[in-house]
Asks: 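Okay, here's the structure, questions in a sec.
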Amino acid sequence: AGKKEDSYNVLDLAEYTKNRPWWRKVFAPSSGSSAEKYNVATQLVIGGVTGWCTGFIFQKVGKLAATAVGGGFFLLQIANHTGYIKVDWKLVERDVNKAKQQLKFHGSGNKMSPEVKSKVDEVITFLKKNVILTGGFAGGFLLGMAS
């Protein structure tokens, strides 16, 4: 009777890794669980680079916004002082007090809406699962803000 032979290919991992470039060894997806798709170095690099870019852009936009708000306030003060505009300070004070009362009323409950609570829970879960990525992002963000 015809005996069927099973043939298997054997992969020598030592030879396979010798032929791979060093950056593939460092940044290749790990063979661990699907929760950790990338190894530690990759997570740190991805988090650091995206954090630095975000921090750098945040810094530039923040400076621009602060300049615009400060300049606008300065121009309004000059216009008020020279008489081009008149500010009804009693009306401003009344509106500020009304806003304070509304904030006290809404802030006294201290309850989050279900939509906000579910989003916060999703973010916390993501941060817990990706601690290394989050740490890299935070460090990169601070470096981006400093540069």
Asks: How long is the span from the CD1 atom in I124 to the NZ atom in K119, to the nearest 0.5 Å?
Replies: 13.5 Å

Asks: Just by distance, do the side chain of Q59 and the backbone of A146 share a donor-acceptor pair under 3.5 Å?
Replies: no

Asks: Return the minimal non-hydrogen interatomic distance between S147 and W52, and the atom names on each side.
Replies: OG-NE1, 3.3 Å

Asks: F126: what forms a ring pair (Phe, Tyr, Trp, His ring centres under 6.0 Å) with it, not counting sequence neighbours?
Replies: none

Asks: Going from CD on Q77 to CD1 on I85, what distance comes out if it is rounded to the nearest 0.5 angstrom?
Replies: 8.0 Å

Asks: Under 6.0 Å from the CD atom of E93, do we count more than 12 heavy atoms belonging to anything else shown?
Replies: no

Asks: Do F58 and V69 share a hydrophobic cluster, counting only Ile, Leu, Val, Met, Phe, Trp and Tyr and linking them when any side-chain heavy atoms are less than 4.5 Å apart?
Replies: no

Asks: Please determine whether side-chain contact (heavy atoms from CB on, under 4.5 Å) holds for the pair V96 and K100, giving the CA-CA distance in whole Å, both sets of side-chain angles, and the decisive distance to 0.1 Å.
Replies: CA-CA 6 Å; V96 167; K100 283 181 184 178; 4.0 Å; yes

Asks: Just so I know, are the side chains of L127 and V131 near enough to count as touching, which here means a heavy-atom distance under 4.5 Å?
Replies: no

Asks: What is the distance from atom CD1 of I46 to atom CD1 of I132, rounded to the nearest 0.5 Å?
Replies: 12.0 Å

Asks: So, do F141 and F56 have ring centers that fall under 6.0 Å from each other?
Replies: no

Asks: Report the distance from atom CG of L75 to atom CZ of F73, rounding to the nearest 0.5 Å.
Replies: 11.0 Å

Asks: Roughly how far apart are T54 OG1 and M145 CE, rounded to 0.5 Å?
Replies: 11.0 Å

Asks: Could you state whether L133 and V123 fall into the same hydrophobic cluster, counting links through intermediate Ile, Leu, Val, Met, Phe, Trp or Tyr residues with side-chain heavy atoms under 4.5 angstrom apart?
Replies: yes

